[in-house]
Structure formats: C-alpha cells, structure tokens
Amino acid sequence: MTTLSGIIRSYQAAGRRIEREQQREARESARRFKEQQKLQSIIDAEQAVKDWESYVETLLSIHKNYSEVIDWKQVQYIPKPIEPSYSNEHESEAKLKFDNFKPSFFDKLFRLTPKIIRNLESKVVESKLKDKRIFDLSYKKYQEELEDWEEQQDISKGIENRDSEYYAMALDYLNPFSELKELGIRIKMFFDKNYVDVDLYINSEDVIPNYTLSQTATGKLSKKNMPKSRFNELYQDHICSSVLRVAKEVLLNLPIKYTRINVISNSLNSRTGYLEDKIVLSIIISQERLNLINLQLVDPSDSMSIFDHNMNFKTATGFNEVQKVELKGDVK
C-alpha cells in the first residue's frame, strides 16, 4: 500500500532527477556553445590571415594584371554600325486582329462587341507605342555604338600619324589604370611622339600594413609588429610593381620607343616635420628591355637593374630622394 510519505518521497526524487537532467543539459549546451565559439574564432583568425596575405599580394603583383594589346591598325577595318530601321510589326499585327474581328453569336447575345472593339483599339495604340519604344532603344544603342566607333577611328588614325595628342586619347579610352586609381595611385603624363614621360604619385607608406598576422598552433590569431626592414622591402616592391604595370600599359598600347617614369612619394621630411613630394625612383623603360622580363615571375625590385634608373634605397631606412634620369635620344 502506497503511503503519503512514499508519494512525497517519490515526487521529491522525481524533482531531483528533473533538476539534475536540466543541469546536465545546461552544462552540455554551454560546452557546445563554447566549442562553437572556439571554432568560429579559429575560422575568423584563418580568414583574417588570408585577407592580410591577399591584400599584401595585391600590392606586390600589380604588374601581373595588364591589358590585352590593342592593334590600332586593325581598328580601322571595323565596320561602321548599321542604323536601325523602324518596324511597325506589333502595330500591324494588332491592326490585323482589329480589321478581321467579327463578333460571334455570343458576343452579340451578351452585348460584348463594343467592349471587344475598344480592347482591340487599345491594343493597336499599345502596340504602336511598343514599336516606338523598341525603335528608340535600338536607335539609342546605335548612336552609342556609332559614337564609340567614330572615337576608335579617330584614335586609330591619330596614332597611325604618330600624333601625341591621340596618345592621350587612346589611354583615356582604354582606361588601363583604373585598378591603380582604386589603390590611390595618381598618374600624370606628358606625351611626345617617341616617348611618354610619366609622373607616378605613389601611395604613402601607410598603404603597407606595419604588422603581420598569423595563426598559432592552437588556431588563435597572432598580430606582431612588422620588422622595419621587411616593411621597407614590401614598400619598395609595391612601388616597382606599379612602375612595371604603368610601363607595360603605355608601351603595349602606344607606338613609342620608351617611357620615363618618375615615382613621387609623399614622405616625411625629418628636417621640417612636414610631408613633402619627392622623387624616389626615376627610370627609363623601353619595349626591348621590358620584353626581357617575365612579369609573372620577376621580382619587381630586382628588375629595376635591367633599366637605366636612379634609386637610392636601403633596407634599413627605405627610400631617399633622387634626381630624374635624363631623357636620351637613343634608348634600348
């Protein structure tokens, strides 16, 4: 026979079991949450390292992603766009349905004929407007293509005549330096029929991170100050990579013998305490010597030695100001 005290003890025991089970589930939930946090922390650290490496690689490999060559002579053989003709196809189809409409017995019985006629008339108007919209879009596209074609023809003939004014137009049209501009690099060019003189306003040193990111053996993110020597080497490679890219784009798209590139950096003058523009690299690059380089594998800084250049760089201190390389008549 079950007594009252037995019932109470059973109830209390059941309550304790429920409480223990709830505590166990809570501990298990907390453990899983902690593991998920740890795993997410490892994933976030891994992604941060990848992003850091990708950013640095982008700064050092600008020279690898240049445009495809444009044969301006062949551009002259591109056919002129054909002006579109107006078509009333949809209006004609709607009119045909309107003209051929004959009310049926049920149309007459339920007095639907006037409504159907109004709908058919409305369709004719809508179709006429549709034909106009189609033509307007086609003509707008034609005008854009014609304008583009005319610009290409002008540039092609100007380049064939070695008119330096059209050199600038060609580069404006092709826009090969958009990626550099996105990185904050500014370019000024001065054109001669045989060469292009470039002032390349490079990013300040702030573009290079002054720290390194890595993962520890346990997956945690480790951030350390970058050694100054390593920082300077990266900045040098960034500058030289940009120089190679500009030279490649210019020599690839224009019929010139060489280009002089003067790299201008906005750097701190330790004597005045102010930022000043100063030339840190001046180099003359010809197509002949540029062709000696495999841009996909070359070390940008090492490649400068192939060309006539002025650069005063030390790993410990970085760049010092230099003078422009003198332009020469016979450049190889």
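Numbering starts at 1 and runs along the sequence shown. The basis for the numbers below is simple: all heavy atoms, side chains too, and nothing from hydrogens, waters or symmetry mates. Everything numeric in this text was worked out from a predicted model, so none of it was measured.
Tyr86 and Leu137 sit in two unconnected hydrophobic clusters of ILVMFWY residues. Membership requires side-chain heavy atoms under 4.5 Å apart, directly or through other members. Under the 4.5 Å side-chain contact rule for hydrophobic residues, Ile285 and Val69 share a cluster. Phe307 is not connected to Ile279 by any chain of hydrophobic side-chain contacts under 4.5 Å among Ile, Leu, Val, Met, Phe, Trp and Tyr, and they are in different clusters. No continuous path of hydrophobic side-chain contacts links Leu39 to Val49 [ILVMFWY only; heavy atoms under 4.5 Å]. Leu180 is connected to Val56 through a chain of hydrophobic side-chain contacts under 4.5 Å among Ile, Leu, Val, Met, Phe, Trp and Tyr, so both are in one cluster.
Between the side chains of Asn65 and Arg245, no donor-acceptor pair of N or O atoms lies under 3.5 Å. Side-chain atoms of Glu249 and Ser67 form a donor-acceptor pair, as typed in the model, at a separation below 3.5 Å. Under the 3.5 Å distance criterion, with hydrogens and angles disregarded, no donor-acceptor pair is assigned to the side chains of Tyr173 and Glu151. Of the N and O atoms on the side chains of Tyr201 and Ser265, not one donor lies less than 3.5 Å from an acceptor on the other residue. Between the side chains of Glu160 and Gln76, at least one donor N or O sits under 3.5 Å from an acceptor N or O. A donor-acceptor pair shorter than 3.5 Å cannot be found between the side chains of Asn88 and Asp131. Judged purely by distance below 3.5 Å, without hydrogens or angles, the side chains of Asn312 and Lys314 pair a donor atom with an acceptor atom. Side-chain contact, Asn232 with Thr315: no donor N or O sits under 3.5 Å from an acceptor N or O.
Put simply, the side chain of Gln153 gets close to the backbone of Val75: a donor and an acceptor are under 3.5 Å apart. Between the side chain of His90 and the backbone N or O of Lys130, no donor-acceptor pair lies under 3.5 Å. Side chain of Trp149 to backbone of Ile78: a donor-acceptor contact under 3.5 angstrom is found. Between the Ser286 side chain and the Lys257 main chain, no donor and acceptor come within less than 3.5 Å of each other. Counting only distance, with no hydrogens or angles, the side chain of Gln296 and the backbone of Lys64 share a donor-acceptor pair below 3.5 Å. Using a distance-only test at 3.5 Å, with no hydrogens or angles considered, no donor-acceptor pair links the side chain of Asp199 to the main chain of Lys188. Panel note: side chain Asp163, backbone Ile159; no donor-acceptor pair is recorded below 3.5 Å. In this structure a side-chain-to-backbone donor-acceptor pair under 3.5 Å is missing from Tyr166 to Asp154. Between the side chain of Ser242 and the main chain of His238, a donor-acceptor pair closer than 3.5 Å is present. Ser241 contributes a side-chain N or O that, together with a main-chain N or O of Ile62, makes up a donor-acceptor pair within less than 3.5 Å.
Heavy-atom contacts from other residues, nucleotides or ligands closer than 6.0 Å to NZ of Lys278 number more than 12. Around the CD atom of Glu68, the shell of radius 6.0 Å holds no more than 12 heavy atoms that belong to other residues, nucleotides or ligands. With a 6.0 Å radius and a threshold of 12 heavy atoms from other residues, nucleotides or ligands, Leu292 has its CG atom above the threshold.
Using a 4.5 Å heavy-atom cutoff, the side chains of Pro255 and Tyr167 are in contact. Taking the side chain as every heavy atom from C-beta outward, Thr272 and Glu276 approach each other to under 4.5 Å. Here the side chains of Thr212 and Trp52 are in contact, with some heavy-atom distance below 4.5 Å. Using a 4.5 Å heavy-atom threshold, the side chains of His63 and Pro300 count as touching. In this structure, the side chains of Asn262 and Val198 stay at 4.5 Å or more apart for every pair of heavy atoms. Val243 places a side-chain heavy atom less than 4.5 Å from the side chain of Ile283.
Note: Phe106 and Phe110 have parallel aromatic rings, judged against thresholds of 30 and 60 degrees for the angle between ring planes. Using cut-offs of 30° and 60° for the angle between ring planes, the Tyr258 and Tyr195 rings count as parallel.
Taking the six-membered ring for Trp and the full ring otherwise, the centers of Phe101 and Phe98 sit at least 6.0 Å from each other.
Annotation: the span from Tyr66 atom OH to Leu244 atom CG amounts to 11.0 Å, rounded to 0.5 Å. Between the SG atom in Cys240 and the CG atom in Asp299 there is a gap of 8.5 Å [rounded to 0.5 Å]. Note that CZ of Arg186 and NZ of Lys181 are 11.5 Å apart. Values are rounded to the nearest 0.5 Å. Separating the NZ atom in Lys50 from the CD atom in Gln215 is a distance of 9.0 Å, to the nearest 0.5 Å. Note: Lys228 NZ to Thr317 OG1 = 9.5 Å, rounded to the nearest 0.5 Å. Taking CZ of Arg260 as the reference point, atom CG of Asp308 lies at 10.5 Å (rounded to 0.5 Å).
In terms of heavy-atom proximity, Lys123 sits nearest to Ala94 at O-CB, 3.8 Å. Nearest heavy-atom pair across Ala170 and Trp72 is CB-CZ2, 3.8 Å. Taking both residues in full, the closest heavy atoms of Ile208 and Leu59 are given as CD1-CD1, 3.7 Å, listed atom of the first, atom of the second, then distance.
With salt bridges taken as basic N to acidic carboxylate O contacts below 4.0 Å, none links Lys80 and Glu150. With salt bridges taken as basic N to acidic carboxylate O contacts below 4.0 Å, none links Asp99 and Lys95.
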Open item on the list: For a side-chain hydrogen bond (donor to acceptor under 3.5 Å, both in side chains) check, start with the C-alpha distance between Asp237 and Ser301, then their side-chain angles and the critical distance, and finish with the verdict.
Closed with: CA-CA 5 Å; Asp237 276 341; Ser301 297; 2.4 Å; yes
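Under the side-chain contact (heavy atoms from CB on, under 4.5 Å) test applied with Ile185, the options Ile202, Val246, Ile239 reduce to a single match, Ile202.
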